[in-house]
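Shown next, in structure tokens, is the structure this report addresses.
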Amino acid sequence: MKEVLSADFCDEKLHTNSSATLTIKNKKTCANEEKIKKLFEKFLNNPEKLFEYIKCANTPIHKIKYADKILSLIGENEGFILPQKGLKALYLNLILNKKFSLKTKEMFVLRNYNVNLYAFIYQFYNWYGFKMNLTGFEQDSQEYFKHVFKICESDKIQELSFEEIMKLKSAIKRDLEAIKFTISFVKEKSMAKKNLDRIKQGQKVSI
């Protein structure tokens with residue numbers, strides 16, 4: 001459970017000022033998909049261990065009745081929630097921690113541990129990326145992402161600075177990576193199960 005989180009892929013970060021653009025190759029900007037895959041394969045039939053892994057990484061997990069309804073009031077969904085500031089943080093702290101604070105760290109908020117493991121892959125992938133300090137998980141980046149369609153339909157899109165556009169781009173990229181990984185993993189496991197069932201029935205399978 002004390003396995004060190006690591007990422008092996010590289011990506012680019014852009015830093016700009018009024019006169020120059022600097023492109024920096026920066027490690028730890030893509031999640032180690034192979035490692036995440038191995039984690040899910042290891043804990044696929046024992047999700048409780050997966051939650052232990054999350055807790056060992058110093059991320060709290062809150063179980064609360066009607067979590068989905070409570071979170072919907074602040075525009076959040078059940079599962080992984082990024083660090084919050086301001087009124088959202090105050091709301092979460094009052095309900096979850098019974099304290100007055102305008103900041104929260106990252107957390108999971110669930111109704112119970114009886115989750116759909118495949119649906120949870122998407123949440124876990126994003127959590128893992130956040131723990132790796134990947135770009136796109138900053139609070140303002142995520143706020144742009146949550147309201148991306150409203151932004152695009154209004155004049156707001158023309159008011160975004162280059163930096164804000166890059167943050168939005170990073171947030172979209174992170175979400176697409178999580179979706180792609182989830183679909184790929186589920187397809188692979190589904191195919192493996194079908195092949196196993198065919199073998200049990202005495203049928204031949206292509207490898």
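Excluded from the calculations below are hydrogen atoms, water molecules and symmetry mates; all remaining heavy atoms, backbone and side chain alike, are included.
Taking every heavy atom of both residues into account, Asn112 and Val115 meet most closely at O-CG1, 3.7 Å. Closest approach of Glu33 to Phe181, counting heavy atoms only: O-CE1, 3.5 Å. Ala171 and Phe145 make their closest contact through CB-CB, 3.7 Å (heavy atoms, listed as atom of the first residue, atom of the second, distance).
The CD1 atom of Ile95 sits 7.5 Å away from atom NZ of Lys98, with the distance rounded to the nearest 0.5 Å. Taking OG1 of Thr104 as the start and CG of Asn97 as the end, the distance is 8.5 Å to the nearest 0.5 Å. Within the model, atoms CG of Asn126 and CD of Gln142 stand 7.5 Å from one another, a figure rounded to the nearest 0.5 Å. For the atom pair CG (Leu110) and NZ (Lys63), the distance works out to 9.0 Å, reported to the nearest 0.5 Å. Between atom CE of residue Met166 and atom NZ of residue Lys169 there is a gap of 5.0 Å, rounded to the nearest 0.5 Å. For the atom pair NZ (Lys105) and OG1 (Thr59), the distance works out to 5.5 Å, reported to the nearest 0.5 Å.
At least one donor-acceptor pair under 3.5 Å links the side chain of Gln123 to the backbone N or O of Phe80. A donor-acceptor pair under 3.5 Å is formed between the side chain of Ser72 and the backbone N or O of Lys69. Between the Asn93 side chain and the Lys103 main chain, a donor and an acceptor come within less than 3.5 Å of each other. A donor-acceptor pair under 3.5 Å is formed between the side chain of Lys131 and the backbone N or O of Ala57. Side chain of Arg174 to main chain of Thr135: a donor-acceptor pair is present (N/O by atom type, distance under 3.5 Å, no hydrogens or angles). Looking at Lys173, its side chain never comes within 3.5 Å of a backbone N or O of Gly136 through a donor-acceptor pair. With hydrogens and angles ignored, the 3.5 Å screen pairs a side-chain donor or acceptor of Tyr91 with a backbone N or O of Ile70. The main-chain N or O of Trp127 is never found under 3.5 Å from a side-chain atom of Glu106 such that the two would form a donor-acceptor pair. Checking side-chain atoms of Lys88 against main-chain N and O of Lys85 turns up no donor-acceptor pair under 3.5 Å.
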If you apply the rule ring-ring contact (aromatic ring centres under 6.0 Å, His included), what do you find for Phe108 with Phe51, and how did you get there? CA-CA 10 Å; Phe108 279 84; Phe51 290 113; 7.3 Å; no
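Relative orientation of the Phe137 and Phe130 rings is perpendicular, given thresholds of 30° and 60° on the angle between their planes.
Electrostatic pairing of Lys167 and Glu143 does not count as a salt bridge here, judged by no charged N lying under 4.0 Å from a carboxylate O.
Leu92 is connected to Leu73 through a chain of hydrophobic side-chain contacts under 4.5 Å among Ile, Leu, Val, Met, Phe, Trp and Tyr, so both are in one cluster. Under the 4.5 Å side-chain heavy-atom criterion for grouping Ile, Leu, Val, Met, Phe, Trp and Tyr, Phe185 is connected to Leu50 within one hydrophobic cluster. Under the 4.5 Å side-chain contact rule for hydrophobic residues, Ile121 and Tyr53 share a cluster. Both Ile172 and Tyr144 belong to a single network of hydrophobic side chains, linked directly or stepwise wherever heavy atoms of I, L, V, M, F, W or Y lie under 4.5 Å apart. Note: the hydrophobic cluster containing Leu87 does not contain Leu71 (ILVMFWY, side chain heavy atoms under 4.5 Å, direct or indirect links).
Residues Gln84 and Met107 have side chains not in contact (no heavy-atom distance under 4.5 Å, counting atoms from C-beta outward).
In Lys146, the NZ atom is crowded: over 12 heavy atoms of neighbouring residues, nucleotides or ligands sit closer than 6.0 Å.
Of the candidates Phe124, Phe120, Tyr122, Phe124 is the only one forming a ring-ring contact (aromatic ring centres under 6.0 Å, His included) with Phe40.
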